[in-house]
Amino acid sequence: ANFGDKTLTTYDFKDFFLDYFKDNKDLGKIDWETWLKKPGMPPILRKVESKLIKDAQDLVTKWSNIDKDDNEFKASSDDIKDWCVDQLTIFLDDVLK
């Protein structure tokens with residue numbers, strides 16, 4: 001299926017997904033009604049762990065532990081050099097909590 005330059009609906013995605021993974025014996029376990037129509041968080045959240053996330057969380061911890069009177073702390077662009085958008089998003093989301 002070629003979806004280039006087309007609008008893809010949820011049902012187009014579902015049909016493609018089912019066809020693509022048609023040999024997978026676990027397809028019948030998917031509760032499409034819950035995944036597609038029920039409000040709230042997904043029924044299964046993936047656990048994401050990686051060095052990229054850890055680096056973002058470590059910087060949050062570093063920034064969170066700064067004393068307000070700490071004259072030595074200097075934020076540096078080197079702290080986030082070569083970070084991807086997802087890392088920046090995680091950092092900003094967590095540091096603003």
Side-chain angles (χ1 to χ4, degrees):
N2 181 1
F3 297 109
D5 299 319
K6 296 180 184 176
T7 300
L8 183 67
T9 69
T10 300
Y11 298 101
D12 293 331
F13 164 78
K14 181 182 172 187
D15 291 343
F16 177 80
F17 183 91
L18 291 172
D19 183 58
Y20 188 85
F21 292 105
K22 63 184 169 240
D23 296 328
N24 188 314
K25 60 183 166 97
D26 293 326
L27 275 181
K29 296 178 183 177
I30 297 173
D31 180 0
W32 290 102
E33 185 69 23
T34 297
W35 277 100
L36 299 177
K37 296 185 179 179
K38 290 200 176 169
M41 295 294 291
I44 300 170
L45 297 175
R46 68 181 186 163
K47 184 175 182 178
V48 179
E49 293 183 25
S50 75
K51 180 179 178 342
L52 300 178
I53 293 171
K54 183 176 180 336
D55 289 348
Q57 292 171 336
D58 287 348
L59 188 57
V60 168
T61 301
K62 178 181 172 183
W63 280 37
S64 299
N65 292 332
I66 297 169
D67 186 353
K68 291 180 183 175
D69 297 324
D70 186 354
N71 295 327
E72 294 182 32
F73 173 76
K74 299 278 190 249
S76 169
S77 60
D78 289 337
D79 289 339
I80 59 171
K81 185 180 178 190
D82 299 324
W83 277 19
C84 65
V85 171
D86 291 336
Q87 279 180 288
L88 292 169
T89 302
I90 290 167
F91 171 72
L92 292 172
D93 188 46
D94 287 354
V95 81
L96 294 173
K97 287 183 183 175

**Request:** Check the hydrophobic clustering (I, L, V, M, F, W, Y; side-chain heavy atoms under 4.5 Å; chains of links allowed) and say if Ile90 and Val85 are grouped together.
**Result:** no
**Message:** Can you list everything that forms a side-chain contact (heavy atoms from CB on, under 4.5 Å) with Lys14? Sequence neighbours excluded, please.
**Reply:** Leu18, Trp32, Leu36
**From Leu8 atom CG to Thr10 atom OG1, the distance as rounded to the nearest 0.5 Å** = 8.0 Å
**Complete:** Applying side chain to side chain donor-acceptor pair (under 3.5 Å) to Lys29 and not counting sequence neighbours gives Asp26
**Message:** Going by side chain to side chain donor-acceptor pair (under 3.5 Å), name the pairs with one or both residues in residues 83-97, residues two or more places apart or in two chains.
**Reply:** Asp94-Lys97
Show the atom names and distances, to 0.1 Å, of all donor-acceptor pairs under 3.5 Å that link a side chain in residues 52-64 to residues at least two apart or in another chain.
| from | atom 1 | to | atom 2 | distance (Å) |
| --- | --- | --- | --- | --- |
| Lys54 | NZ | Asp58 | OD1 | 3.4 |
| Lys54 | NZ | Asp58 | OD2 | 2.8 |
| Asp55 | OD1 | Lys51 | NZ | 3.2 |
| Asp55 | OD2 | Lys51 | NZ | 2.8 |
| Thr61 | OG1 | Gln57 | O | 3.1 |
| Ser64 | OG | Val60 | O | 2.7 |

**Inter-residue atom distance Asp19.CG - Phe17.CZ, 0.5 Å rounding** = 11.5 Å
**Prompt:** Residues in side-chain contact (heavy atoms from CB on, under 4.5 Å) with Tyr11, at least two apart?
**Reply:** Thr9, Lys37
**Prompt:** Any idea which heavy atoms bring Trp35 and Ile44 closest together, and the distance?
**Reply:** CH2-O, 3.6 Å
**Request:** Mind checking side-chain contact (heavy atoms from CB on, under 4.5 Å) for Lys38 and listing every partner two or more places apart, or none if nothing turns up?
**Result:** Thr34
